[in-house]
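The structure appears right after this line, and notes come after that.
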Amino acid sequence: MSFTREDITRIAEEQNVRFIRLQFTDLLGTIKNVEIPVSQLEKALDNKMMFDGSSIEGYVRIEESDMYLYPDLDTWVVFPWVTENRVARLICDIYMPDGTPFAGDPRGILKRCLKEAEELGYTAMNVGPEPEFFLFKTDEKGNPTTELNDQGGYFDLAPTDLGENCRREIVLTLEEMGFEIEASHHEVAPGQHEIDFKYADAIKAADQIQTFKLVVKTVARQHGLHASFMPKPLFGVNGSGMHCHQSLFQGDINAFYDESDRLGLSQTARYYMAGLLKHARACAAITNPAVNSYKRLVPGYEAPCYVAWSASNRSPMIRIPASRGLSTRVEVRNPDPAANPYLALAVMLKAGLSGIKEKLSLPAPTDRNIYVMTDEERSDEGIPSLPADLKEALEELLRDEVICDALGDHALAHFYELKEIEWDMYRTQVHQWERDQYLTLY
């Protein structure tokens, strides 16, 4: 839905909105906001609200801290869970005092990559994300525990699925906020859930992922639960992914569809997939950005570990869903919900566009179960693995000029620095597994 200034001021008055959150996302994907009283709404709509960028992860140094919030009017929404002194939200782009876009704004980075696609003749990148999450019980103080809310499995229902009432309320809340929900269900692991919403253009899809996370966590808390988008919160069960279905359009035409092709895939789609595969190991630092992400990317838990594609097999990194025509798309299965959605979509788009520009040759599909193939068999078929840990992914990122260019110098330097710190903290920590293995052995 599109909104004008007049629409926003009228709705704010009609619905007794008292506060507005000017929301943006830091480099690590965390939602941030500056909350203003409704009396300052006109100033915000004039792009005159300033904040201290030096306090935000990955932004700027203290000596260059002044930054401006430019609200995107189409992101206006009134939060349905606040009934008195109502609160609304506008998602913002970040600008410098001289009126130029801030180079480290994740939303702006995605817009730059979309501009490149537009210059190549593609008017839209459509994305259908599938972020999964776990519901954990909280203790008497409201702090999260590792005790799951249920012991259900894939597509289970009550009384086995004890999270369905919470999930239903999440769906109703999202619908009130303009989401078109297609399905919701219990996932494979105990306590794990998925809610699928309709695809959108890349910017809106990334905005929706951030809004989705906020709603899920808010509603879960109202049910005395803690919702976690951690990629692998528990050993021995499936982790949470964020499969990203994506396609490029030229006006009303899906550039990925060719009815004359045996698989219904255009040459553009094949070039795009070849680009995704070529740059997959570097993209992993962005699509799987946490130390914990690589605990999910292991054989045996339905998460892809190998850089390959198939029209049906679910063990490769890329799958082609069965729908054709306008619904023709590629499903990239390795991203997880810890990713900054703006950066994740930006690097995947950039990788795909590089495949189109370079006319990269797509390897043959892998229709065997890769998990049961030997190392030698995978080597013979030219199937590399995704990085084994965050450190390896960061090293791959620095070696890949295309993906570095997608991020830009500012975001790349700050992201790498933050993730190096994260890796070093993990590397030097003594973990419970080590004590269990070695304390009495040595």
Calculate, to the nearest 0.5 Å, the distance between atoms [atom1] and [atom2] belonging to [X] and [Y] respectively.
X	Y	atom1	atom2	answer
Thr328	Leu248	OG1	CG	12.5 Å
Met317	Leu277	CE	CG	5.0 Å
Ile170	Ser184	CD1	OG	9.0 Å
Asn334	Met242	CG	CE	10.0 Å
Leu353	Cys113	CG	SG	8.0 Å
Ile94	Tyr68	CD1	OH	13.0 Å

Within the distance-only criterion (no hydrogens, no angle test), does the side chain of [X] pair as donor or acceptor with the backbone N or O of [Y] below 3.5 angstrom?
X	Y	value
Ser354	Gly275	no
Thr145	Asp139	no
Glu376	Thr374	no
Asn340	Asp26	yes
Ser293	Ala290	yes
Tyr271	Ser266	no
Thr218	Leu214	yes
Ser379	Asp375	no
Thr428	Asp424	yes
Lys32	Phe24	no

For the residue pair Phe79 and Trp81, does the interplanar ring angle fall in the parallel (under 30°), tilted (30 to 60°) or perpendicular (over 60°) class? parallel
Do the ring planes of Tyr371 and Tyr306 sit parallel (below 30°), tilted (30 to 60°) or perpendicular (above 60°)? tilted
Would you indicate whether the side-chain heavy atoms of [Y] and [X] approach each other to under 4.5 Å?
X	Y	result
Arg329	Ser323	yes
Glu420	Lys391	yes
Val237	Gln192	no
Leu27	Tyr342	no
Val402	Lys278	no
His226	Arg221	no
Ser385	Cys305	no
Leu148	Leu234	yes

Between Gln210 and Thr25, a side-chain donor and acceptor under 3.5 Å: yes
State which residues pass ring pair (Phe, Tyr, Trp, His ring centres under 6.0 Å) with [X]; sequence neighbours excluded, sorted by chain then number.
X	answer
Tyr426	Trp423, His431
Tyr122	none
Phe179	Phe197
Tyr70	Tyr95

With a 4.0 Å cut-off, would you call [X] and [Y] a salt bridge?
X	Y	result
Glu259	Arg324	no
Glu182	Lys198	no
Asp207	Arg107	yes

Let me see the working for Leu135 and His223 under side-chain contact (heavy atoms from CB on, under 4.5 Å), right down to the final yes or no. CA-CA 10 Å; Leu135 291 176; His223 283 254; over 6 Å; no
More than 12 heavy atoms of other residues, nucleotides or ligands under 6.0 Å from [atom1] of [X]: is that the case?
X	atom1	value
Lys357	NZ	yes
Lys204	NZ	no
Glu401	CD	no
Asp380	CG	yes
Arg262	CZ	no
Asp409	CG	no
Gln432	CD	yes

Going by atom type alone, with no hydrogens or angles, which donor-acceptor pairs under 3.5 Å involve a side-chain atom of residues 124-134 and a protein atom two or more places apart or on another chain?
| unit_1 | atom_1 | unit_2 | atom_2 | d |
| --- | --- | --- | --- | --- |
| Glu130 | OE2 | His245 | NE2 | 3.0 |
| Glu132 | OE1 | Gly241 | N | 2.8 |

Measure across [X] and [Y] and return the closest heavy-atom pair with its distance rounded to 0.1 Å.
X	Y	value
Gln250	Gly121	CG-O, 3.3 Å
Val215	Met177	CG2-SD, 3.5 Å
Cys92	Leu22	SG-CB, 3.8 Å
Ile109	Ala406	CG2-O, 3.3 Å
Pro233	Met230	CD-O, 3.4 Å
Ile286	Ala344	CG2-N, 3.7 Å

Test side-chain contact (heavy atoms from CB on, under 4.5 Å) applied to Phe256 and Thr268, step by step: CA-CA 6 Å; Phe256 282 7; Thr268 297; 4.2 Å; yes
ring-ring contact (aromatic ring centres under 6.0 Å, His included) between His193 and His185, worked out: CA-CA 6 Å; His193 303 269; His185 60 87; 9.1 Å; no
Checking Leu276 against Ile318 for the side-chain contact (heavy atoms from CB on, under 4.5 Å) test, could you report, in this order, the C-alpha distance in whole Å, the side-chain angles of both residues, the deciding distance, and whether it holds? CA-CA 9 Å; Leu276 285 171; Ile318 296 177; 3.8 Å; yes
Holding to side-chain hydrogen bond (donor to acceptor under 3.5 Å, both in side chains), I want the full list of residues that pass it with Lys137, two or more places apart in sequence or in another chain. Glu147
Run the numbers on Leu418 and Glu422 for side-chain contact (heavy atoms from CB on, under 4.5 Å), then give the verdict. CA-CA 6 Å; Leu418 291 168; Glu422 178 181 336; over 6 Å; no
My understanding is that only one of Arg399, Lys419, Arg281 makes a salt bridge (Lys or Arg N to Asp or Glu O under 4.0 Å) with Glu392; could you say which? Arg281
